[in-house]
**Student:** 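Dumping the structure here so I can ask a few things about it.
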Amino acid sequence: MSASDEPVRDGTEPDLAVVVGERRRLINLGYRLLGSLAEAEDAVQETYARWYAMSPRQRKAVESPEAWLTTVAGRVCLDVLGSARSRRERYVGAWIPEPLPDRTEWGGGRADAGRSGPADPADRVTLDESVNMAFLVVLESMTPAERVAFILHDVFTYPFAEVAEIVGRSPAACRQLASSARRRVRAEGRPAGPPAGQAALVRDFKEAWEAKDIKALVGLLAPDATMTADGGGLVGAVLRPVEGSALIAQYVVHIADKAPGLTLLERTVNGRPGLVAQNSGVTVTVAAFDLADGRISRIWAVRNPEKLQAWRDDAVR
């Protein structure tokens with residue numbers, strides 16, 4: 001997909017509207033590959049920087065700007081994933097993907113920094129099953145090459161010939177990478193859609209939390225439930241997962257005791273019912289949930305303020 005300085009085909013430089021119009025798709029791709037809106041935006045910015053660093057002659061030589069941008073963005077994300085592994089080894093506590101609000105609740109973060117009014121729809125990530133928190137956590141267990149091959153082929157339906165150009169391996173090797181990633185997803189038993197009754201279960205959990213009712217909380221949690229928190233070393237958060245319904249219930253009640261002014265709100269988190277905790281009107285925690293056999297099996301509580309920028313606005317209320 002690269003351009004050259006060879007004599008160019010007839011025609012003008014690619015339509016600016018077409019090039020800019022790819023931004024939303026690239027952000028969607030970048031978020032699924034990286035699990036971070038901030039990193040996805042950086043990757044897309046780098047992609048456009050490389051596009052505009054070419055001469056007009058080189059840009060004219062690109063047969064498909066869309067394919068060129070996807071190839072470059074995919075390669076940038078692949079590089080970021082490689083370096084992210086070492087960075088996350090030094091991360092304080094657990095690393096959880098950045099949570100995303102529903103578009104009707106989108107706040108003012110990096111996506112609209114310096115602008116007034118609502119965020120540009122091109123900066124928003126389309127919420128579907130490929131961005132639910134449980135799915136993103138499974139993606140974190142994959143190698144960078146597995147993740148890129150799987151997302152590009154299984155989620156964005158790119159043929160393996162194009163995936164191979166991005167990953168730098170043969171189409172057959174990319175097919176094997178995607179197959180390996182698929183096995184990881186199946187092993188986790190990821191459902192095809194939101195579990196039935198999640199909204200009601202999350203609401204019951206919220207009410208039991210507010211009432212500090214440990215018995216009710218235990219009843220809503222699977223016996224082997226796990227709660228993982230991400231403070232990034234910037235705010236207080238348990239560094240290891242809390243395991244077991246009784247310990248989780250005690251822990252959340254302890255949090256309620258320490259923060260008597262905490263307000264819990266039912267919100268959509270990565271396309272599924274979740275909870276947002278606010279202190280004096282400021283979002284301090286976003287919690288995503290996963291269910292098993294009609295009970296809450298996993299909770300991911302993101303407290304790292306750097307991952308909550310999209311939630312820190314009057315629009316989330």
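Just so you know, these numbers come straight off a predicted model, no measurement behind them.
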**Student:** Where the side chain of Asp79 meets the backbone of Val76, is there a donor-acceptor pair that is under 3.5 Å apart?
**Tutor:** no
**Student:** Assess whether a salt bridge exists between Glu146 and Arg182, defined as any Lys/Arg side-chain N lying under 4.0 Å from an Asp/Glu carboxylate O.
**Tutor:** no
**Student:** Please list all pairs meeting side chain to side chain donor-acceptor pair (under 3.5 Å) that have one or both residues in residues 224-238, counting only residues at least two apart or in different chains.
**Tutor:** Tyr91-Asp230, Asp230-Lys307
**Student:** Say whether Val20 and Ile27 are linked into one hydrophobic cluster, either directly or through other cluster members, by side-chain heavy-atom distances under 4.5 angstrom.
**Tutor:** yes
**Student:** Give a yes or no answer on whether the side chain of Trp300 reaches the backbone of Val137 with a donor-acceptor pair at less than 3.5 Å.
**Tutor:** no
**Student:** I'd like to know if the side chain of Arg272 and the backbone of Gln198 have a donor-acceptor N/O pair within less than 3.5 Å.
**Tutor:** no
**Student:** Is there a side-chain contact between Ile151 and Leu139, using heavy atoms and a 4.5 Å cut-off?
**Tutor:** yes
**Student:** Does Arg240 CZ have over 12 foreign heavy atoms under 6.0 Å away?
**Tutor:** no
**Student:** Testing Arg184, Arg32, Arg147 for salt bridge (charged side-chain N to carboxylate O under 4.0 Å, His left out) with Glu140, which one passes?
**Tutor:** Arg147
**Student:** Looking only at heavy atoms, which two atoms of Arg303 and Val235 are closest? And how far apart?
**Tutor:** O-CG2, 3.3 Å
**Student:** For residues Ala229 and Ala237, report the shortest heavy-atom separation together with the two atoms involved.
**Tutor:** CB-CB, 4.1 Å
**Student:** Check step by step if side chain to side chain contact (heavy atoms under 4.5 Å, CB included) holds for Val62 and Met54.
**Tutor:** CA-CA 11 Å; Val62 177; Met54 294 192 296; 4.2 Å; yes
**Student:** Look up atom CG in Leu201 and atom CD1 in Ile296, then write down how far apart they are to the nearest 0.5 Å.
**Tutor:** 4.5 Å
**Student:** Given side chains that start at C-beta, do those of Glu162 and His153 come closer than 4.5 Å, heavy atoms only?
**Tutor:** no
**Student:** In terms of relative ring orientation, are Trp209 and Phe205 parallel, tilted or perpendicular, with 30° and 60° separating the classes?
**Tutor:** perpendicular
**Student:** More than 12 heavy atoms of other residues, nucleotides or ligands under 6.0 Å from CZ of Arg295: yes or no?
**Tutor:** yes
**Student:** Between Thr47 (side chain only) and Ala43 (backbone N and O only), is there a donor and an acceptor less than 3.5 Å apart?
**Tutor:** yes
**Student:** Scan Thr263, Thr268, Thr283 and name whichever one has a side chain to side chain contact (heavy atoms under 4.5 Å, CB included) with Val276.
**Tutor:** Thr283
**Student:** Please report the closest heavy-atom contact between Tyr31 and Asn270, naming both atoms and the distance.
**Tutor:** OH-ND2, 3.0 Å
**Student:** Starting from the C-alpha separation in whole Å, work towards a yes-or-no answer on side chain to side chain contact (heavy atoms under 4.5 Å, CB included) for Met227 and Leu247.
**Tutor:** CA-CA 9 Å; Met227 178 177 183; Leu247 288 178; over 6 Å; no
**Student:** Start with the C-alpha gap between Val269 and Trp311, add the side-chain angles, then the distance that decides, and say whether side chain to side chain contact (heavy atoms under 4.5 Å, CB included) holds.
**Tutor:** CA-CA 10 Å; Val269 180; Trp311 300 82; 3.9 Å; yes
**Student:** Tell me, do Leu69 and Val19 make a side-chain contact under 4.5 Å, heavy atoms counted?
**Tutor:** yes
**Student:** Within the side chain of Ser141, is there an N or O that forms a donor-acceptor pair under 3.5 Å with the backbone of Val138?
**Tutor:** yes
**Student:** Using atom types as modelled and distance alone, determine if a side-chain donor or acceptor of Thr71 lies under 3.5 Å from a backbone N or O of Ala67.
**Tutor:** yes
**Student:** Tell me whether Val44 is reachable from Tyr52 by hopping between hydrophobic residues (I, L, V, M, F, W, Y) whose side-chain heavy atoms are closer than 4.5 Å.
**Tutor:** yes
**Student:** Closest heavy-atom contact between Leu34 and Cys77?
**Tutor:** CD2-O, 3.6 Å
**Student:** Roughly how far apart are Gln58 CD and Trp51 CH2, rounded to 0.5 Å?
**Tutor:** 10.0 Å
**Student:** The criterion is salt bridge (charged side-chain N to carboxylate O under 4.0 Å, His left out); which residues satisfy it with Arg183, sequence neighbours excluded?
**Tutor:** none
**Student:** Decide whether Trp95 and Leu33 are clustered together by the hydrophobic rule: side chain heavy atoms of Ile, Leu, Val, Met, Phe, Trp, Tyr closer than 4.5 Å, transitively.
**Tutor:** no
**Student:** Within the structure provided, determine whether Arg24 and Asn28 are in side-chain contact (heavy-atom separation under 4.5 Å).
**Tutor:** yes
**Student:** What heavy-atom pair brings Ala178 and Asp154 nearest, and what distance separates the two atoms?
**Tutor:** CB-OD1, 4.3 Å
**Student:** List the steps, then state whether side chain to side chain contact (heavy atoms under 4.5 Å, CB included) holds for Tyr48 with Leu26.
**Tutor:** CA-CA 10 Å; Tyr48 277 104; Leu26 296 175; 4.0 Å; yes
**Student:** Can Glu46 and Arg50 be counted as an ion pair, charged N to O under 4.0 angstrom?
**Tutor:** yes
**Student:** Please say yes or no: joined through hydrophobic side-chain contacts below 4.5 Å, possibly via intermediate residues, are Val284 and Leu275 part of one cluster?
**Tutor:** yes
**Student:** Using a 4.5 Å cut-off on heavy atoms from C-beta on, say whether the side chain of Val148 contacts that of Met142.
**Tutor:** no
**Student:** Roughly how far, to the nearest 0.5 Å, is CE of Met133 from CZ of Arg298?
**Tutor:** 11.5 Å
**Student:** What closest approach, in Å, do Cys174 and Ala149 show between heavy atoms, and which atom pair accounts for it?
**Tutor:** O-CB, 3.9 Å
